[in-house]
Amino acid sequence: MNVIEATGLGKRYGSTWALRECSLAIPPGHVVALVGPNGAGKTTLLNLAVGLTAPSAGTVTVLGGTPAGSPAAREGIAFVAQDAPLHKNLSVADMLHLTRNLNLHFDQGYAEARLGELAIPLDRKAGKLSGGQQAQLALTLALSRRPQLLVLDEPMASLDPLARHDFMATVMAAVADDGVSVVLSSHALAELERVADYLVILSNGSVQVAGEVDDLLACHRVFSGPDDEANRYAEHLDVVHALHSKAQTHLLIRTDGSTNPVPPGWKARQISLEELALAYLREPDAASLPGPSRARQLEPTEVAR
Ligand code: ATP
């Protein structure tokens, strides 16, 4: 049962494809980081998955084959869009009331307990809450529907570090307590590293990388060695991206799981999720699957000395 499954999914606005030939199968029980540069198609993909917009091509199903946007799909998914949209003139209690009336299942006890823990007053107008409190209210409303899948589109963009931390703590508590699957779009790579165990990178409207974080980290390494040898060794490696600093070249390579021999005088180390994502973001044409070495003249990105 995949929580989101897309096949040849595309969305076109006029002559522009916001998403194209997107095929993806996200298994349940993960916190999925959806990453990509501005305009890569993240919001478009999430809007298609939650049924806010219809595909121009291909199909998308959720929660084990249920068509996106169908009543059954809407019942099992909760979505928090960018900037936590709320009715600013309604009180928190009114927002609870409204959400309860619009949904078959709404756990009022959970909502009130959660807002109590967060010290968010029920009689306060939503528009008078701080940005962090508004985000927490939107998240609480979403989780009170007891969804199987929680979809979050850049929910923390305007929050300070403490509010972001608290927001993610609420998400992770729902994952631990209720087994909710989460798909989270964000540009905050360091934060995603702490919470995500599945990574999807979108580039130019297509899926560039998708897989469990542990698997992806296991098949990538950084080799570091002298600049003047880099091109010679790179010919034999599947290089995703090269960085240059202090007469050293750092090659982020894909391995097929077996250990690539480290050239004499070179060092090898494991990579972090942030490094992996940055490397692919810098190389939008690099695909995630292991393949034959791509012999090419390296043009390393210069890093601060
Ligand atoms: P960001 O990180 O900036 O939020 P994103 O990855 O979420 O970007 P989308 O918002 O999905 O990207 O946009 C993908 C592409 O589709 C962009 O080129 C955008 O300009 C275009 N696009 C999105 N929505 C519309 C729309 N309603 N009408 C026309 N073009 C659109």
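Computed over heavy atoms, backbone and side chain alike; hydrogens, waters and symmetry mates excluded.
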Only counting residues at least two apart or in another chain, list the ones meeting ring pair (Phe, Tyr, Trp, His ring centres under 6.0 Å) with F106.
-> none
Applying salt bridge (Lys or Arg N to Asp or Glu O under 4.0 Å), name anything that partners R164, two or more places apart in sequence or on another chain.
-> E191
Greater than 12 external heavy atoms within 6.0 Å of N204's CG = no
How long is the span from the CG atom in D197 to the CG atom in L216, to the nearest 0.5 Å?
-> 11.0 Å
Candidate list S56, P55, S206, test side-chain contact (heavy atoms from CB on, under 4.5 Å), partner L9, passing option = P55
Do K42 and D153 sit within salt-bridge range, that is, some charged N less than 4.0 Å from a carboxylate O?
-> no
Sub-3.5 Å donor-acceptor pair from the side chain of Q134 to the main-chain atoms of L129, do we have one?
-> yes
Would you confirm whether E275, through its side chain, and S272, through its main-chain N or O, come within 3.5 Å as a donor-acceptor pair?
-> yes
Check: Q148 side chain, E75 main-chain N or O, donor-acceptor pair, under 3.5 Å = no
Only one of L199, V35, L189 passes side-chain contact (heavy atoms from CB on, under 4.5 Å) with L273; say which it is.
-> L199
Quick one: NZ on K125 to CG on N89, what's the gap to the nearest 0.5 Å?
-> 5.5 Å
Do S144 and D107 have side-chain N/O donor and acceptor atoms under 3.5 Å apart?
-> no
Using a 4.5 Å cut-off on heavy atoms from C-beta on, say whether the side chain of P263 contacts that of E229.
-> no
With F79 as partner, the option from L152, L150, V183, N47 fulfilling side-chain contact (heavy atoms from CB on, under 4.5 Å) is N47
For E193, look at atom CD and say whether over 12 heavy atoms of other residues, nucleotides or ligands are found less than 6.0 Å away.
-> yes
Residues in ring pair (Phe, Tyr, Trp, His ring centres under 6.0 Å) contact with W266, at least two apart in sequence or another chain = Y233
